[in-house]
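Reminder, nothing fancy here: chain letters follow the sequence lines and each chain counts from 1.
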Amino acid sequence: SQKIEQNSEALNIQEGKTATLTCNYTNYSPAYLQWYRQDPGRGPVFLLLIRENEKEKRKERLKVTFDTTLKQSLFHITASQPADSATYLCALAGGADTGRRALTFGSGTRLQVQP
Amino acid sequence: NAGVMQNPRHLVRRRGQEARLRCSPMKGHSHVYWYRQLPEEGLKFMVYLQKENIIDESGMPKERFSAEFPKEGPSILRIQQVVRGDSAAYFCASSPRTSGPISYNEQFFGPGTRLTVL
């Protein structure tokens with residue numbers, strides 16, 4: 001069955017450092033991958049989307065890589081700030097084999113940036 | 001430009017009652033998705049709708065749960081005869097209409113409805 005794994009343990013880093021979050025998937029051929037941020041008591045907020053034929057995408061302090069051979073995406077936040085503290089969700093959508101638009105989410109990784 | 005709106009934000013029901021959750025998508029969006037998030041778990045897809053059509057309900061329990069997105073008005077997720085295990089946060093998301101089988105657009109989420117079943 002399809003499976004998406006994110007590091008369930010919280011990631012604690014110092015302000016100014018680069019945070020790297022991992023998303024691995026199995027039994028899946030996604031057309032694209034998305035990263036969302038979720039704060040407690042709120043809905044997820046879209047951050048970045050990367051397509052299956054793209055290796056890397058950047059937006060301000062955020063960078064996402066997508067390796068379809070390794071079936072892995074890495075999400076980087078450079079020059080991290082305490083305001084970046086949140087849970088980050090990886091989400092996949094179906095590829096040509098399913099055509100599904102609905103997203104399948106990982107369980108998320110909680111990031112804590114210490115001042 | 002208002003975002004996705006959900007109401008109520010909090011809903012308390014006793015076992016056996018019905019829960020009705022409403023979602024108004026962003027203006028111009030014709031795709032609506034419902035997800036459920038159990039405590040300490042990730043978001044699980046339930047159902048995907050377009051106006052007057054259920055496109056994909058593969059994630060929705062076969063019994064007690066139903067969803068609709070009428071031509072006019074909000075999308076509604078209905079849970080009949082609620083049980084304690086239905087307690088969760090229910091999120092609605094919307095995305096704009098796109099051509100082709102694959103939508104590369106992000107989904108815009110509402111604030112969620114937190115359902116508590118006593």
Taking a cut-off of under 4.5 angstrom between non-hydrogen atoms, the residues of residues 110-118 of chain B near chain A are Gly110(B), Pro111(B), Arg114(B)
If one checks every heavy atom of Gln6(A) against chain B at 4.5 Å, the contacting part turns out to be neither
_A quick test of your reading: do over 12 heavy atoms of other residues, nucleotides or ligands sit less than 6.0 Å from CD of Gln81(B)?_
no
Distance col, row Ser107(A):OG vs Lys44(B):NZ, nearest 0.5 angstrom, shows 7.5 Å
Are there more than 12 heavy atoms of other residues, nucleotides or ligands under 6.0 Å from atom CZ of Arg42(A)? no
Hydrophobic cluster identity match, Leu47(A) and Tyr25(A), side-chain contacts under 4.5 Å
yes
Student check: side-chain heavy atoms of Gln38(A) and Phe91(B) closer than 4.5 Å: yes
(request) Give the cluster check for Leu21(B) versus Met46(B): same hydrophobic cluster or not, with ILVMFWY residues linked at side-chain heavy-atom distances below 4.5 Å. (result) yes
Leu48(A) reachable from Tyr88(A) in the ILVMFWY side-chain graph, under 4.5 Å edges
yes
Within residues 61-71 of chain A, the residues sitting under 4.5 Å from chain B by heavy atom, in sequence order, are none
So, the side chain of Tyr36(A) versus the backbone of Gln107(B): is there a donor-acceptor pair under 3.5 Å, distance only? yes
The complete set of salt bridge (charged side-chain N to carboxylate O under 4.0 Å, His left out) pairs with one or both residues in residues 8-20 of chain A, sequence neighbours excluded, reads none
field: Main-chain N/O of Leu103(A) paired with Tyr35(B) side-chain donor or acceptor, under 3.5 Å
entry: yes
Does atom CD of Gln72(A) have more than 12 heavy-atom neighbours from other groups under 6.0 Å away?
yes
- Is it the case that one hydrophobic cluster holds both Leu11(A) and Phe75(A), taking links as side-chain heavy atoms less than 4.5 Å apart, direct or via other members? yes
Do Val82(B) and Met60(B) land in one hydrophobic cluster if side-chain heavy atoms of ILVMFWY residues count as linked below 4.5 Å? yes
Residues pairing under ring pair (Phe, Tyr, Trp, His ring centres under 6.0 Å) where one sits in residues 51-83 of chain B, two or more places apart or in two chains, turn out to be none
